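Comments concern the structure below.
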Amino acid sequence: MSGPLGIDAHLAHARRDLDRVTPQEAHEAAREGAVLVDTRPEFQRAADGTIPGALLIERNHLEWRCDPSSGASVPEATSRDVRWIVLCDEGYASSLAAASLRAIGLPRATDLAGGFQAWRAAGLPVTPPAR
């Protein structure tokens, strides 16, 4: 029987080819030149803080900003070989976003398993929200 996958199957399919990273692996990869991209909306960043050095690109702009040929790319989008590590709040939407980056020809894109919440729980650096 064919038909719509449903979100759980869609998510599993998106993650199939991702080499998802732990917070510690993402931290080390960023020190080695990978680009962390925080796709959380402003209200989540304002509530919980940010990761120092992570690019802030909300989800609806991600593909245009990361594709070096888009004409709207960020300076970090120097080639298709950039290692993008996408994060969201808990690691669900970021898997779909990373799969989308791979689909447009960015083969090293992946995501942070557990998202910002896992990063913070691991005790890694966080810039607290402005209050």
Side-chain angles (χ1 to χ4, degrees):
M1 176 194 223
S2 65
L5 291 177
I7 188 57
D8 292 333
H10 181 59
L11 182 61
H13 185 266
R15 287 178 172 168
R16 178 184 64 196
D17 296 324
L18 297 177
D19 57 339
R20 302 183 79 213
V21 295
T22 67
Q24 293 80 5
E25 291 168 335
H27 188 252
E28 182 62 29
R31 285 194 287 197
E32 295 173 356
V35 181
L36 296 178
V37 181
D38 188 344
T39 62
R40 295 175 301 145
E42 191 281 328
F43 78 89
Q44 286 180 324
R45 295 189 315 265
D48 289 337
T50 58
I51 295 173
L55 287 180
L56 304 177
I57 304 174
E58 290 195 19
R59 177 62 190 97
N60 58 328
H61 297 258
L62 185 67
E63 290 82 356
W64 287 271
R65 300 294 188 252
C66 294
D67 182 349
S69 66
S70 77
S73 59
V74 293
E76 293 81 359
T78 57
S79 77
R80 296 199 171 278
D81 291 325
V82 171
R83 179 138 192 235
W84 300 102
I85 301 176
V86 183
L87 67 109
C88 62
D89 196 48
E90 295 182 341
Y92 295 97
S94 59
S95 294
L96 300 175
S100 179
L101 290 179
R102 284 185 174 222
I104 65 166
L106 303 174
R108 297 186 69 209
T110 192
D111 77 317
L112 173 59
F116 178 83
Q117 298 304 325
W119 177 281
R120 184 173 58 185
L124 293 168
V126 171
T127 301
R131 303 247 185 225

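This one's a predicted model, so the numbers in the text were calculated from it and none came from an experiment.
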Under the criterion side chain to side chain donor-acceptor pair (under 3.5 Å), I'd like the reasoning laid out for S69 against R80: C-alpha separation, chi angles, the key distance, then a yes or no. CA-CA 9 Å; S69 66; R80 296 199 171 278; 3.1 Å; yes
Same apolar cluster (I L V M F W Y, side chains within < 4.5 Å links), W64/V82: no
Indicate yes or no: at least one non-hydrogen side-chain atom of L96 is less than 4.5 angstrom from one of H10. yes
Is it true that R102 and D17 make a salt bridge, defined as a side-chain N closer than 4.0 Å to a carboxylate O? no
In Å, rounded to the nearest 0.5 Å, how long is the span from CZ of R15 to OG1 of T110? 10.0 Å
Could you state the interatomic distance from OG1 (T50) to CH2 (W119), rounded to the nearest 0.5 Å? 11.0 Å
Spacing of CD1 belonging to I57 relative to SG belonging to C66, to within rounding of 0.5 Å: 4.5 Å
Looking at T39 and L87, would you say the former's side chain and the latter's main chain have a donor-acceptor pair under 3.5 Å? yes
Taking the side chain as every heavy atom from C-beta outward, state whether R59 and C88 have any pair of such atoms under 4.5 Å apart. no
Tell me whether R45 is salt-bridged to E42, with the criterion being a basic N under 4.0 Å from an acidic carboxylate O. no
R65 meets the salt bridge (Lys or Arg N to Asp or Glu O under 4.0 Å) criterion, sequence neighbours left out, with none
Can you name the side chain to side chain donor-acceptor pair (under 3.5 Å) partners of D89, sequence neighbours left out? Q117
Start with the C-alpha gap between S70 and E63, add the side-chain angles, then the distance that decides, and say whether side chain to side chain donor-acceptor pair (under 3.5 Å) holds. CA-CA 8 Å; S70 77; E63 290 82 356; over 6 Å; no
